[in-house]
Amino acid sequence: MTKHQLIKKARNEGRSLLTEIESNEILRQGGIRVTEIKLATSREEASSISKRFGCPVVLKIASPDIAHKSDAGGVKLGLKTPKQVTKAYDDIMEAIRQKHPQAMIQGVSVQKMARPGIEVIIGMSKDVQFGPVLMFGLGGIWVEVLKDVSFRIVPLTKRDAGEMIREIKGYPLLAGYRGQPPVDVSNLEELLLKVSDFVEQHPEVKELDLNPIFAYREGAIAVDARLILEEQQDKESG
Ligand code: ADP
Ligand code: MG
């Protein structure tokens, strides 16, 4: 399905939260580098997809009712064998049944375990006065506890992108510290500009979250994506 069909489908189902799989596909079509992902609707299918991808893999709950997958017990990382994959599938289903008995479950998403990198995040939310605003920060405690993030109004200039990355307090972690190699900052700048373009081209998207993106010495890849659509103004035009 095209990104527009995916958006339309969610709207027809009365949903504004897109699943990780839908968000991943829409952003991929928008030119943003996201992890390869496949839906499995049974433990057997999860196992066969993991064989095709090659272990280690990650399993995540695929449900339009669950925005925060790990909080729900819906993420299993570093699965090394088909046996671990089928067990993880059962464990996720069990956890979701307990915590979200009403949730509509599509299955699980299967993706390759990405090699470790420095976790960064890019977000978009809409400000009443300024419209869409992009946020950049380092992942984990840097954003949750220290609120070490930067903001710019969409559309971003190249200069905005460069400044956003360099002005966070954690920037030295990206620039390379204590013998750690630096990450590919120019690739992150390009990524911010691509997200800015995507946001401009999709006014129907209300919120966007790439959390986390793994930043490497060369390149970067988003391993989680979440899009939220605007409430529909006029049902006829959908
Ligand atoms: P959620 O944010 O909905 O809880 P995520 O998809 O972000 O779920 O997964 C939780 C954490 O698991 C991420 O922050 C990241 O550290 C790790 N993770 C997720 N996907 C991968 C992956 N493909 N490879 C490696 N680590 C991953
Ligand atoms: Mg996440």
Side-chain angles (χ1 to χ4, degrees), residues 1 3 5-28 34-114 116 119 121-123 125 139-141 143-145 205-214 221-231:
M1 270 194 266
K3 54 186 180 167
Q5 288 170 328
L6 284 163
I7 289 169
K8 198 165 173 185
K9 176 171 173 283
R11 283 203 152 158
N12 290 342
E13 290 170 12
R15 292 191 278 130
S16 54
L17 175 69
L18 299 177
T19 64
E20 183 195 10
I21 296 176
E22 291 164 339
S23 306
N24 174 294
E25 181 58 31
I26 291 166
L27 289 162
R28 176 194 314 278
V34 286
T35 189
E36 191 183 345
I37 192 169
K38 274 249 175 308
L39 177 72
T41 55
S42 67
R43 61 211 295 274
E44 290 74 24
E45 198 181 359
S47 163
S48 76
I49 294 169
S50 70
K51 282 178 204 156
R52 201 159 2 114
F53 278 173
C55 285
V57 295
V58 177
L59 257 52
K60 300 182 194 174
I61 187 68
S63 164
D65 299 319
I66 298 171
H68 301 285
K69 301 177 290 295
S70 19
D71 292 352
V75 177
K76 300 283 175 193
L77 301 171
L79 307 169
K80 293 192 196 74
T81 61
K83 203 172 156 194
Q84 285 182 6
V85 170
T86 49
K87 174 160 194 314
Y89 186 97
D90 294 342
D91 289 349
I92 288 176
M93 291 306 162
E94 182 56 31
I96 301 300
R97 261 194 294 274
Q98 299 248 339
K99 288 203 179 173
H100 297 269
Q102 314 289 0
M104 202 281 269
I105 296 172
Q106 296 173 341
V108 300
S109 75
V110 185
Q111 56 195 261
K112 267 193 82 78
M113 185 74 186
E119 292 194 16
I121 68 178
I122 295 176
S125 57
I141 60 158
V143 57
E144 281 157 24
V145 184
V205 173
K206 184 183 177 193
E207 276 175 51
L208 172 157
D209 255 304
L210 298 175
N211 180 6
I213 297 159
F214 284 10
I221 187 163
V223 300
D224 185 25
R226 185 158 57 107
L227 295 176
I228 298 177
L229 302 175
E230 294 282 2
E231 299 296 326

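Only this structure's heavy atoms are used, side chains among them; waters, hydrogens and symmetry mates stay out. The first residue of the sequence shown is numbered 1, and numbering continues consecutively from there. Note that the coordinates shown come from a computational prediction; the quantities given were computed from them, not determined experimentally.
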(message) Under the criterion side-chain contact (heavy atoms from CB on, under 4.5 Å), I'd like the reasoning laid out for K60 against D224: C-alpha separation, chi angles, the key distance, then a yes or no.
(response) CA-CA 10 Å; K60 300 182 194 174; D224 185 25; 4.2 Å; yes
(message) How long is the straight-line distance from CD of E45 back to CG of L39, given to the nearest 0.5 Å?
(response) 6.5 Å
(request) Would you indicate whether K87, at its atom NZ, is surrounded by more than 12 heavy atoms from other residues, nucleotides or ligands within a distance under 6.0 Å? (result) no
(request) Verify, without hydrogens or angle tests, whether K99 (side chain) and D71 (backbone) share a donor-acceptor contact under 3.5 angstrom. (result) yes
(request) Would you name the heavy atoms of L17 and R15 that are closest together and state the gap between them? (result) O-NH1, 3.4 Å
(message) Any heavy-atom pair between the side chains of L59 and L79 that's under 4.5 Å?
(response) yes
(message) Keeping N24 on the side-chain end and T35 on the backbone end, is there a donor-acceptor pair under 3.5 Å?
(response) yes
(message) As an exercise, state the distance from CE of M104 to CD of Q102, rounded to the nearest 0.5 Å.
(response) 13.5 Å
(message) Measuring from atom CD of Q111 to atom CG of L77, what distance do you get when rounded to the nearest 0.5 angstrom?
(response) 9.0 Å
(request) Answer yes or no: are there more than 12 heavy-atom neighbours, outside K38 itself, under 6.0 Å from its atom NZ? (result) no
(message) Let's go through L18 and L6 carefully: what are the C-alpha distance in whole Å and the side-chain angles of both, what is the deciding distance for side-chain contact (heavy atoms from CB on, under 4.5 Å) to 0.1 Å, and is it a yes or a no?
(response) CA-CA 9 Å; L18 299 177; L6 284 163; over 6 Å; no
(request) Check whether any side-chain N or O of Q84 sits under 3.5 Å from a backbone N or O of K80 as a donor-acceptor pair, and report yes or no. (result) yes
(message) Would you compute the distance between atom CZ of R43 and atom CD1 of I92 and round it to the nearest 0.5 angstrom?
(response) 12.5 Å
(request) For the residue pair E22 and L227, establish whether any side-chain heavy-atom pair is separated by less than 4.5 Å. (result) no
(message) Return the NZ to SG distance between K112 and C55, rounded to the nearest 0.5 Å.
(response) 8.0 Å
